[in-house]
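This report concerns only the one structure given below.
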2 protein chains.
Amino acid sequence: MTPVRRRTLEILLETHRAMGAYEVLDRLAEDGFGRQPPVAYRALEFLVEHGLAHRLQRLNAFAACLHPGEEHAPVFLICRKCDKVAETSAPAVRNTLHDAAGEMGFTVERATIEALGLCPVCAEGRE
Amino acid sequence: MTPVRRRTLEILLETHRAMGAYEVLDRLAEDGFGRQPPVAYRALEFLVEHGLAHRLQRLNAFAACLHPGEEHAPVFLICRKCDKVAETSAPAVRNTLHDAAGEMGFTVERATIEALGLCPVCAEGRE
DNA sequence: CTTGACTTGTTATTACATAACATGAGAAGA
DNA sequence: TCTTCTCATGTTATGTAATAACAAGTCAAG
């Protein structure tokens, strides 16, 4: 865990939002780190590899992992209003997925499960 | 259903692979349609909106819908070797997802479930 | 002290996606 | 028939996301 990587994780944790790589990069640059895309991408890649962050495909964004270390099957609930990301664990979902794939002879190595919708807060207010 | 849209769908069906928008665009151009990105993106957007195709976030790509018309909860099995996409339906997965989200007060509007792995064919041969 | 693995940084380029505007065809209504 | 509206298609230009390829510094093992 190096300074850039630590700072990147801190940024993700502080905002608690789905963040684009370039958004992260801007913050890193403010703190004196490099201003080039690979700086952010490499740090984020590292965090993802080590289970400290996740990549959200739908938004082309990243979010800090809320359950690092634990063996978990993350499911993301992304609010389309405020971009906040709730991460929940639903082993049953994963199991069903693996079973269904297995029936077709397909070997699942990695899975992405993302739900887009409204969080409780935004659902209360007017849309 | 217009010529561009029809041709776009045909292309997706013919290849039966996850295709990037620019890949689709090249084929459309060969057939005399426009060469600019919006041509492909609009046609693909239309197909997705009308349930004739799906967008695969992990690959930034698109694939024809194999069960158009049916009310379905698609789950994608993407082979990382040959890029072929198998689309299966796993209502149980969706149900579990909706339930888990509901417990947290989250309203699911759309969900993306994609599995990356090896298809039976590629799993047989050497990786 | 030197080799090798690794991290960070750079420049440059590629890939993906959309904004904004112009044109033309076809339907709906005066 | 003519006008108007809608919508599909096409364009130019730009914005956003991601990676390739290389240079330089650190640090531990031998």
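Numbers restart at 1 for each chain; the letters A, B, ... are given by sequence-line order, proteins then strands. Since this is a predicted model, take the numbers as computed values, not measurements.
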Residues passing the salt bridge (charged side-chain N to carboxylate O under 4.0 Å, His left out) test with B:D31, sequence neighbours excluded, are B:R7
Just so I know, are the side chains of A:F46 and A:V48 near enough to count as touching, which here means a heavy-atom distance under 4.5 Å?
no
Could you measure the distance from the CD atom of A:E14 to the CZ atom of A:R27? Nearest 0.5 Å is fine.
7.0 Å
Return the value, rounded to whole Å, for the distance between atom CE of A:M1 and atom C1' of C:dC6.
16 Å
Which atom pair, heavy atoms only, marks the closest approach of B:L52 to B:L9?
O-CD1, 3.7 Å
Applying side chain to side chain donor-acceptor pair (under 3.5 Å) to A:R17 and not counting sequence neighbours gives A:E23
Expressed as a whole number of angstroms, how long is the span from B:L25:CG to D:dG10:C1'?
12 Å
A:F46 CZ to C:dT8 C1', straight-line distance once rounded to whole Å:
14 Å
Just checking, A:R55 and A:F62: is the charged tip under 6.0 Å from the six-membered ring centre and within 45° of the axis?
no
Would you mind reading off the distance between A:Q57 atom CD and C:dA17 atom P, rounded to a whole angstrom?
12 Å
Pairs in or reaching into residues 76-104 of chain A: which pass ring pair (Phe, Tyr, Trp, His ring centres under 6.0 Å), with residues at least two apart or in two chains?
A:H54-A:F76
Can you tell me the distance, in whole Å, between the CZ atom of A:R35 and the P atom of C:dT11?
12 Å
Round to the nearest Å and state the distance from B:E45 atom CD to D:dC7 atom P.
14 Å
With sugar-phosphate taken as primed atoms, P, OP1 and OP2 and all else as base, the protein-contact string of nucleotides 17-24 of chain D at under 4.0 Å (heavy atoms; B, S, -) is BBBB----
Please list all pairs passing the side chain to side chain donor-acceptor pair (under 3.5 Å) test where one or both residues lie in residues 110-123 of chain B, with sequence neighbours left out.
A:R58-B:T112
Rounded interatomic separation in angstrom, taking CG from A:D31 and C1' from C:dT8:
16 Å
Of residues 4-13 of chain A, the positions that come close to DNA chain D - non-hydrogen atoms, cut-off under 4.0 Å:
none
